[in-house]
Amino acid sequence: MSAVDLLQHLMLTIDQRKWGELGGFLSPDFTCEYVHTGERFGRDEWIRVNAEYPGFDRLILQQITGDDRTAACRSHVTGRGDTGLMHFECATFVTVKDGRVAQMVEVWADAGQAVPGEARPV
């Protein structure tokens, strides 16, 4: 299975809340880095973060690209909180080894943020 196919199936499994199946996609030495928070997770920790994420609603795969060894995707994730439905954008990058995801890097952002005035030319 190519890295693209593996990542696509992994994202679908998360959306379907099939937490017990996530381990089948991951190498025993799997690592995930959240670059926006500096957190690093091993295999079991990452599965737990997903399975126990408060208010998780949906993960909708919007774009995916890659080859046999590496893949990247963009997903729209929703969650329920005190203020209602929250929207997030996530970029996920994976490297596959021996048919399983060995390394993952994710970047999360709140959707609908205002653009800081100083971040654009006048």
Side-chain angles (χ1 to χ4, degrees):
M1 181 180 305
S2 73
V4 171
D5 291 336
L6 189 60
L7 181 56
Q8 184 172 8
H9 284 86
L10 176 63
M11 293 296 142
L12 179 61
T13 301
I14 292 171
D15 183 52
Q16 295 174 341
R17 295 175 176 82
K18 294 181 179 178
W19 311 123
E21 295 181 18
L22 292 181
F25 294 96
L26 310 176
S27 293
D29 60 345
F30 168 87
T31 59
C32 178
E33 178 184 4
Y34 285 5
V35 295
H36 53 291
T37 62
E39 294 171 282
R40 290 182 183 273
F41 303 101
R43 183 178 182 268
D44 294 340
E45 295 169 308
W46 184 81
I47 291 171
R48 185 174 179 196
V49 164
N50 281 275
E52 297 179 12
Y53 190 85
F56 174 73
D57 181 55
R58 293 287 317 269
L59 184 152
I60 300 165
L61 184 62
Q62 295 182 314
Q63 186 176 8
I64 192 165
T65 188
D67 53 33
D68 287 339
R69 192 175 155 278
T70 62
C73 71
R74 181 174 59 92
S75 302
H76 182 81
V77 180
T78 53
R80 300 202 178 275
D82 294 339
T83 59
L85 196 61
M86 301 175 296
H87 297 267
F88 305 95
E89 300 298 328
C90 180
T92 304
F93 305 86
V94 299
T95 302
V96 171
K97 178 178 77 174
D98 299 326
R100 294 187 180 190
V101 177
Q103 294 178 325
M104 178 183 286
V105 174
E106 288 194 326
V107 184
W108 287 80
D110 294 339
Q113 296 182 44
V115 178
E118 66 275 5
R120 302 292 181 265
V122 179

Distance from [X] atom [atom1] to [Y] atom [atom2], nearest 0.5 Å?
{"X": "K18", "Y": "L10", "atom1": "NZ", "atom2": "CG", "value": "12.5 Å"}
{"X": "D44", "Y": "L22", "atom1": "CG", "atom2": "CG", "value": "11.0 Å"}
{"X": "H87", "Y": "H76", "atom1": "NE2", "atom2": "NE2", "value": "5.0 Å"}

Check: D15 side chain, R58 main-chain N or O, donor-acceptor pair, under 3.5 Å: no
Expected output: side-chain T13 to main-chain H9 donor-acceptor under 3.5 Å: yes
Let me check something: do [X] and [Y] share a hydrophobic cluster, defined by ILVMFWY side-chain heavy atoms less than 4.5 Å apart, either directly or through other members?
{"X": "I60", "Y": "L85", "value": "no"}
{"X": "M11", "Y": "Y53", "value": "yes"}
{"X": "V96", "Y": "I64", "value": "yes"}
{"X": "F56", "Y": "F25", "value": "yes"}
{"X": "I14", "Y": "L61", "value": "yes"}

Exceeds 12 heavy-atom contacts within 6.0 angstrom, atom CG of D98: no
Greater than 12 external heavy atoms within 6.0 Å of R17's CZ: yes
Evaluation steps, ring-ring contact (aromatic ring centres under 6.0 Å, His included), between Y34 and F41: CA-CA 8 Å; Y34 285 5; F41 303 101; 4.9 Å; yes
V4 and T65, any side-chain heavy atoms less than 4.5 Å apart: no
Side-chain touch N50/W19, heavy atoms, less than 4.5 angstrom: yes
Looking only at heavy atoms, what is the nearest atom pair of [X] and [Y], with distance?
{"X": "A102", "Y": "K97", "value": "CB-CB, 3.9 Å"}
{"X": "L6", "Y": "G99", "value": "CD2-O, 3.6 Å"}
{"X": "R43", "Y": "S27", "value": "CD-O, 3.3 Å"}
{"X": "C90", "Y": "T92", "value": "SG-OG1, 3.5 Å"}
{"X": "V94", "Y": "M104", "value": "CG1-CE, 3.9 Å"}
{"X": "H36", "Y": "E106", "value": "ND1-O, 3.6 Å"}

Parallel, tilted or perpendicular: ring planes of W108 versus F88, cut at 30 and 60 degrees: perpendicular
